[in-house]
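Have a look at the structure below before the remarks.
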Amino acid sequence: MIDLLGTIVVKAGSAVPTLSAALALARPHDTVVVEAGRYAEPPIEVTRPVVILGRGRPVFVGRGDHTVIRVTADSVTIAGIAVERVLPSNVAEPSAIRLDSVAHCRVADVEVRDSFFGIYGSAVESCLIENNRVVGPGRSEQESGNAIHLWSSRDVTVRGNVVERYRDGIYLEFVTGSRLEGNRSRDNRRFGLHFMFSDDCLYQENQFSRNGAGVAVMYSKQVRMVANRFEHNRGQAAYGLLLKDITDSRLEKNVFDANTIALYFEAANRVEAVENHFSSNGWAIRMLANSEANVVTGNAFVGNGFDVSTNSRSNASRFDGNFWDRYRGYDLDRDGFGDAPFRPVRLFSLVVEQNEPSLILLRSAFVDLLDAAERVLPILTPETLVDRRPLLAMPGRSR
Amino acid sequence: MRGATRRIIATHATNVGRSRWLLVYTGLLALAAVLLVWLGGSAARALVSLINVVLLLVPLMAVVFGTLYVYNAREFTELLLTQPVERDAAYFGLVGGLAVPLVVAFLVGVGVPLGFAAFSDLTILPGIVALLGVGTLLVLVFTAFAVALAVRVEDRAWGLGAALLVWLVCTVIYDGLILLLLATVRDRPLEIPVLVMTMLNPIDVARIQLLLTFDIAALLGYTGTVYERVFSGLLGRSLAVVVLLVCAMVPLLVGRFWFRRKDF
Amino acid sequence: MSIEVKRLRKRFGRMEVLRGVDLAFATGRTTAIVGPNAAGKTTLIKAILGLVRPDQGSEVWIDGTRVTGESGYRERIGYMPQAARFPPHLTGREVLSVLCRLRGAKDPNLELVDLLGLEPHLDKRVGALSGGSRQKLNAVVATMFRPAVLVLDEPTAGLDPRASAIFKDHLAKATGAGATVLLTSHIVSELEDLAEDLVFLVEGQVRFHGPVDDLKAQAGEAKLERVLARLLEPSP
């Protein structure tokens with residue numbers, strides 16, 4: 001049953017027909033290989049540091065009312081299996097795989113299907129969650145959990161996962177010093193990525209598309225978001241990226257395409273947005289007046305309904321050296337910057353603010369005339385919200 | 001269509017087609033399209049920039065060219081009416097003979113450069129179709145307005161003025177009134193009245209169709225959803241086409257009524 | 001072809017241009033319609049052509065049939081306006097061919113084209129033609145379908161003397177063949193040459209209608225010019 005290398009093979013009809021049976025036999029650092037097949041077992045508890053490997057992707061089917069595999073030991077690896085059937089619950093948060101107060105665990109290449117929560121980590125440290133595919137049944141927001149859920153953890157890497165059709169694709173709360181890389185999160189009911197109270201994290205090269213409300217980043221500091229794509233997040237309250245109570249963070253080289261509101265600042269301070277690309281969004285940047293000392297520079301704004309909108313005449317952030325496709329100035333001194341400043345807030349965006357139905361007049365000649373008049377003689381739009389060095393060529397692109 | 005009408009359309013169309021102004025107009029449209037595609041960086045952006053050409057310039061051209069042509073063709077129309085030709089044939093011949101070259105000029109001027117651009121970027125094809133379709137319908141609407149007014153008003157300065165006024169109302173003033181209404185009546189939901197109002201103005205109908213093709217994300221947020229539900233989709237598209245056709249039919253038939261009773 | 005108008009009235013706004021005109025033009029006769037400016041001559045002609053819609057109660061009869069808005073009777077009418085403006089970007093030949101097709105005419109009479117020397121100009125755009133050439137084209141258009149009725153509004157005003165003479169000869173031939181001609185003109189010699197009958201209109205009413213000779217006899221003058229001068233004197 002256990003060979004000399006410490007490998008236990010689980011196979012239906014054999015002496016070790018279930019994973020639970022294998023785990024009962026296993027010594028620390030043994031490897032359990034699970035052969036293809038469907039395994040319906042009572043809740044599986046992994047209490048020793050073992051490696052669990054599926055061969056031919058065995059499927060663990062839950063009864064519905066419990067977490068299928070729960071890990072409470074450090075240094076556990078789970079890979080190459082599939083888990084399904086965990087039903088919604090109001091009292092607990094049953095999941096396909098749950099990591100509880102562990103370190104150095106790895107969950108990789110796991111397929112989760114039809115499960116209330118997908119991969120759930122609570123108080124974990126230095127763990128790796130990679131290349132999993134977590135696809136929900138697409139229930140309503142109340143009946144959906146989160147695909148990857150981390151609570152009170154640190155130093156976790158979430159990499160290359162595909163998360164779809166959950167409430168939130170990736171949910172982080174009180175998570176610090178972690179990295180999210182190359183994940184694809186789409187068609188989730190609420191947020192593609194939702195994180196709160198999570199400082200010092202890096203989000204890189206992820207793709208968030210068609211999520212009900214886009215991505216929300218709240219109550220966090222020192223967040224770095226680099227080269228992510230936020231696209232097709234549309235709807236009444238849909239944001240490519242919502243920043244709320246975020247400080248000292250940096251957004252770099254992200255692409256925002258075809259979102260209702262691409263980037264939303266609410267009480268966000270000292271955030272630098274550099275070299276991002278905003279195209280075909282309803283609103284590219286919406287910055288509320290309670291956001292201060294942010295810097296928006298080197299970005300490109302192309303084909304958006306509104307480039308920048310705000311809710312006040314005051315402005316305490318800096319817009320400088322961006323490319324605006326609406327800019328019609330010249331560069332006579334040939335320094336690469338337009339000679340006349342550009343005011344990205346259109347009068348019409350204030351009108352829409354006060355009076356939503358007037359949105360139907362977008363692109364009307366009358367509205368263009370209003371905007372032109374306001375640009376010549378700003379009365380209502382924020383006086384200090386002005387780009388004094390608008391770029392004449394789109395950054396990262398030669399003319 | 002009766003043979004006489006067809007012949008008169010062909011006659012006017014040939015005459016208009018050989019006019020230098022039409023050639024200049026086609027050339028300018030093409031130049032604008034080429035420059036926008038070339039300088040704008042991408043064909044998709046050029047399409048967005050061409051919205052104003054389609055919503056403002058093309059109707060303006062139809063109105064100005066249409067009215068002036070009707071006045072210039074007055075003696076020839078008289079001559080036709082002393083032939084065994086029904087008034088309806090002379091009238092529809094005039095409208096058709098104007099509309100056909102104006103539509104062709106528009107389709108060639110804007111469509112050909114964009115068609116070439118579409119070779120390298122197939123995704124812009126729906127946008128091109130929307131732009132050309134809406135533009136063509138607007139040419140028909142404003143040609144009909146122009147002819148009707150030029151038939152009714154004897155003095156050419158007044159007639160041109162009236163046609164320009166129609167254009168100005170449709171493009172600018174009407175939207176100003178909608179905004180005024182929205183600004184004054186604030187305590188009641190106005191989506192539906194505004195929706196109905198926009199349905200009565202061909203430029204608004206056209207604009208919203210283009211909006212839904214190019215700025216869909218902006219509209220989907222906020223109130224946009226209501227409008228989106230009504231105007232987009234096959235039903236909304238068809239409704240827009242029907243409204244635009246009605247907008248062309250009304251001046252066309254009113255013009256026919258005036259033409260039938262006109263003393264030359 | 002006979003033409004009859006009964007109780008012909010036409011009002012433009014507050015101006016009453018024709019106030020009950022009753023006239024009958026006999027087949028084969030040439031009648032000049034004469035009168036001071038704004039007497040209603042052009043309106044009368046346009047009413048007969050159907051360009052102007054007469055007021056209620058007016059009747060126009062052509063060859064014993066009442067005209068009520070249909071266009072068929074114009075098959076047999078040729079009209080020569082004072083100055084025709086054809087679509088400027090068509091050639092003369094194209095204009096003629098369009099009109100032929102509209103009429104379904106297979107064998108138009110293009111004698112005048114040769115007589116007036118128009119042939120070399122037929123392939124030029126009408127807009128490029130001189131006023132005289134355009135008027136020649138106008139004369140061709142009026143006569144090419146061998147009309148039974150010819151309505152001419154100041155026909156020779158834009159023609160040079162030679163073309164004018166040729167046209168008059170052509171006209172004489174047509175009347176010889178039985179055509180009814182109505183014409184207006186300010187050129188007395190032309191009236192003297194052409195008119196057999198004369199209608200004198202003043203302020204929308206017929207003051208005289210009858211053979212020119214009768215009028216001369218009544219007035220005791222041998223020259224039409226004198227007669228017309230007397231008629232045009234303000235009435236006492």
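Chain letters run A, B, ... following the sequence lines, proteins first and then strands; every chain starts at 1. Every heavy atom of this structure was used, including side-chain atoms; hydrogens, water molecules and symmetry mates were not.
- With rounding to the nearest 0.5 Å, the separation of CG in Asp204(B) from CG in Leu361(A) is 7.0 Å.
- Shown here is Arg184(A), whose CZ atom has no more than 12 heavy atoms of other residues, nucleotides or ligands within 6.0 Å.
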Kindly determine whether Ile51(B) and Arg363(A) satisfy side chain to side chain contact (heavy atoms under 4.5 Å, CB included), including the steps that lead there. CA-CA 8 Å; Ile51(B) 290 180; Arg363(A) 286 199 186 285; 3.8 Å; yes
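- For Phe106(B), there are no ring-ring contact (aromatic ring centres under 6.0 Å, His included) partners at least two apart in sequence or on another chain.
- Nearest heavy atoms, Ile360(A) versus Val194(B): CG2-CG1, 3.6 Å.
- There is no contact between Val367(A) and chain B, counting heavy-atom distances below 4.5 Å.
- Rounding to the nearest 0.5 angstrom, the gap separating the OG atom in Ser364(A) from the CG atom in Leu55(B) is 9.0 Å.
- Partner of Ser358(A) under the side-chain contact (heavy atoms from CB on, under 4.5 Å) criterion, out of Leu182(B), Leu181(B), Ile178(B): Leu182(B) alone.
- Checked against side chain to side chain donor-acceptor pair (under 3.5 Å), Asn52(B) has no partners two or more places apart in sequence or in another chain.
- Residue with the most contacts toward chain B among Asp325(A), Asp368(A), Leu369(A), Val351(A): Asp325(A) (heavy-atom pairs, distance under 4.5 Å).
- Open room surrounds CD on Glu383(A); 12 or fewer heavy atoms of other groups in view lie less than 6.0 Å from it.
- The CZ atom of Phe348(A) sits 7.0 Å away from atom CG of Leu179(B), with the distance rounded to the nearest 0.5 Å.
- Residues of residues 169-177 of chain B lying under 4.5 angstrom from chain A, judged on non-hydrogen atoms, are Thr171(B), Val172(B), Asp175(B), Gly176(B) by number.
- The environment of CG in Leu31(B) is crowded: more than 12 heavy-atom neighbours from other residues, nucleotides or ligands sit within 6.0 Å.
- Taken from CD1 in Ile203(B) to CZ in Phe366(A), the straight-line distance is 15.5 Å, to the nearest 0.5 Å.
- Under the rule for a side chain to side chain donor-acceptor pair (under 3.5 Å), Arg375(A) has no partner lying at least two apart in sequence or in another chain.
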